[in-house]
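To start, the structure under review is shown below, and the notes come after it.
Note: hydrogens, waters and symmetry copies are ignored here, and every other heavy atom, side chains too, is used. FYI, the numbering just counts along the sequence from 1. Indexing begins at 1, ligand by ligand and atom by atom, following the structure's order.
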Amino acid sequence: MQPPVKPPQPKKRAEPNSPAAVDPVTTRIDPDRCIGCGLCLAVCPQETLAIADGKAVVRGDMSMGCDHCGAVCPTEAIRVNAVDPAQFEFQTFRADSRWLPHGHFDTAALVNLMASRRSCRNFSAQPVDRALLEDLVKVGITAPSGSNCQPWTFTLLPDRAMVERLGRRIGDFFRKTNQLAEKSWLRHILKWIGKPELDTYYRQHYATVQRGLAAHANDGRDLLFHGATAGMVVAAENDASCPAEDALLATGNILLAAHAMGLGTCLIGFAIEAMRRDRSIVRLLGIPDYETPHAVIALGWPAETYQRVAWRKPVTIRF
Ligand SMILES: Cc1cc2nc3c(=O)[nH]c(=O)nc-3n(C[C@H](O)[C@H](O)[C@H](O)COP(=O)(O)O)c2cc1C
Ligand code: SF4
């Protein structure tokens, strides 16, 4: 089967003041509404707007489509057609689209949420409503992205059967990898010719993988996805300016929002590792070759509670 062909791409976007071209401007300004306050000029990262005859006008030919001008305008005179307000409409809760000024939030409550998120390894068998998964994606995309590329994509595994299907493929990959890693002569030869990866894998992961494979084979226990009833693969288009960062920032949002919604989550690094090394697993999910998965999230209703947040190790801080 041929990998999907990459669709025509928009012009590369760039950080403010960088020489690279960005998207064509889709901003429209209603002169009847504009009062010429100039607020939109101050927040535009691309210097796309100007004031002429007391009204804001589009002068530049580049836009990041960030909607900063639309969000700052006191008279709703600006429409940035690159953005879609429906992306901020949620099915399971009502979101407040008023801007929260700096300092107007309970820091302690925010930190409590962040610190209470735990990697969940005990999920109940209860399925997760698709609406929750779709809402999580929309929370994810409120994250910043390099050059506002928003290159992320989200592949949902909405039920346990889909999670198990992916788990079987990943299990096959690691079974083969462990069979290779068992060959000490192979590890030594590869190490000797400057490829120590299999030896490192053997020392760091072989035993854990072997235990997981045995648990699954002997009594059906799922040590990979921990019995999650849903999952999500967060990928990003490779030619974005910061694809990995963008995908992981969206992922961070999703983990926090899931906790707030009552869902448990766990990032599954073993799944990412398998996808990196065996592209057929990525294709199985319909993810095209011009995207790279950066996070696999196990999701479900948690069957565990804690008494307090978990402490962290001492941190290094430099000035
Ligand atoms: C990985 C990453 C790198 C970024 N680098 C820059 C940068 O070098 N200069 C800059 O002005 N903004 C930078 N940004 C900010 C993005 O341009 C910004 O997040 C995006 O335009 C969306 O706007 P928002 O953060 O207000 O939602 C970066 C963002 C991310 C996530
Ligand atoms: S922020 Fe709105 S009202 Fe003010 S100059 Fe820009 S378009 Fe006009």
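Taking the centre of each ring, His205 and Phe174 stay at or above the 6.0 Å mark.
Neither the backbone nor the side chain of Ser241 comes within 4.0 Å of ligand 1, counting heavy atoms alone. Under 4.0 angstrom from ligand 1, the non-hydrogen atoms of Leu249 all belong to its side chain.
Applying the 4.0 Å criterion to heavy atoms of Asp246 picks out, from ligand 1, the atoms 1 (C), 31 (C). Atoms of ligand 1 lying under 4.0 Å from any heavy atom of Met64, numbered from 1 in the order shown and given with element: 17 (O), 21 (O). Atoms of ligand 1 lying under 4.0 Å from at least one heavy atom of Ser147, given by number and element, are 17 (O). Ligand-side atoms of ligand 1 in range of Cys242: 1 (C), 3 (C), range being under 4.0 angstrom from any heavy atom.
On a distance-only criterion, His68 and ligand 1 share at least one N/O pair closer than 3.5 Å.
The shortest side-chain heavy-atom distance between Tyr206 and Thr177 does not fall under the 4.5 Å cut-off. A heavy-atom distance below 4.5 Å is not found between the side chains of Leu49 and Arg59.
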Determine all donor-acceptor pairs shorter than 3.5 Å in which one atom belongs to a side chain in residues 66-86; sequence neighbours excluded.
unit_1	atom_1	unit_2	atom_2	d
Thr75	OG1	Arg33	O	3.0
Arg79	NH2	Val83	O	3.4
Asn81	ND2	Thr26	O	3.1
Asp84	OD1	Ala86	N	3.0
Asp84	OD2	Gln87	NE2	3.0

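With Asp246 as reference, Ser145 is the one residue of Ser145, Pro144, Ser147 to meet the side chain to side chain contact (heavy atoms under 4.5 Å, CB included) rule. Exactly one of Tyr202, Phe173, Tyr201 qualifies for a side chain to side chain contact (heavy atoms under 4.5 Å, CB included) with Asn178. That residue is Tyr201.
Here atom 15 (C) of ligand 1 lies nearest to Ser145 when heavy atoms of Ala71, Ser145, Cys66 are compared.
Other members of the hydrophobic cluster containing Leu100, listed by chain and number, are Phe105, Leu110, Leu113, Met114, Leu256; membership follows side-chain contacts under 4.5 Å among ILVMFWY residues, whether direct or relayed. Membership of the apolar cluster around Phe93 extends to Phe88, Phe90, Val128, Leu132, Leu133, Leu136, Val137, Val139, Ile141, Trp152, Phe154, Leu156, Met232, Val234, Ile254, Leu255, Met261, Leu263, Leu267, Ile297, Leu299, Trp301, as traced through chained side-chain contacts below 4.5 Å between ILVMFWY residues.
Summarising the local packing, CH2 of Trp192 is surrounded by 12 or fewer heavy atoms from other residues, nucleotides or ligands at distances under 6.0 Å.
For the pair Pro293 and Arg279, the tightest heavy-atom approach, listed with the atom from each and the gap, is CD-NH1, 4.3 Å.
Taking a cut-off of 2.8 Å, the protein N, O or S atoms nearer than that to atom 8 (Fe) of ligand 2 are Cys34 SG.
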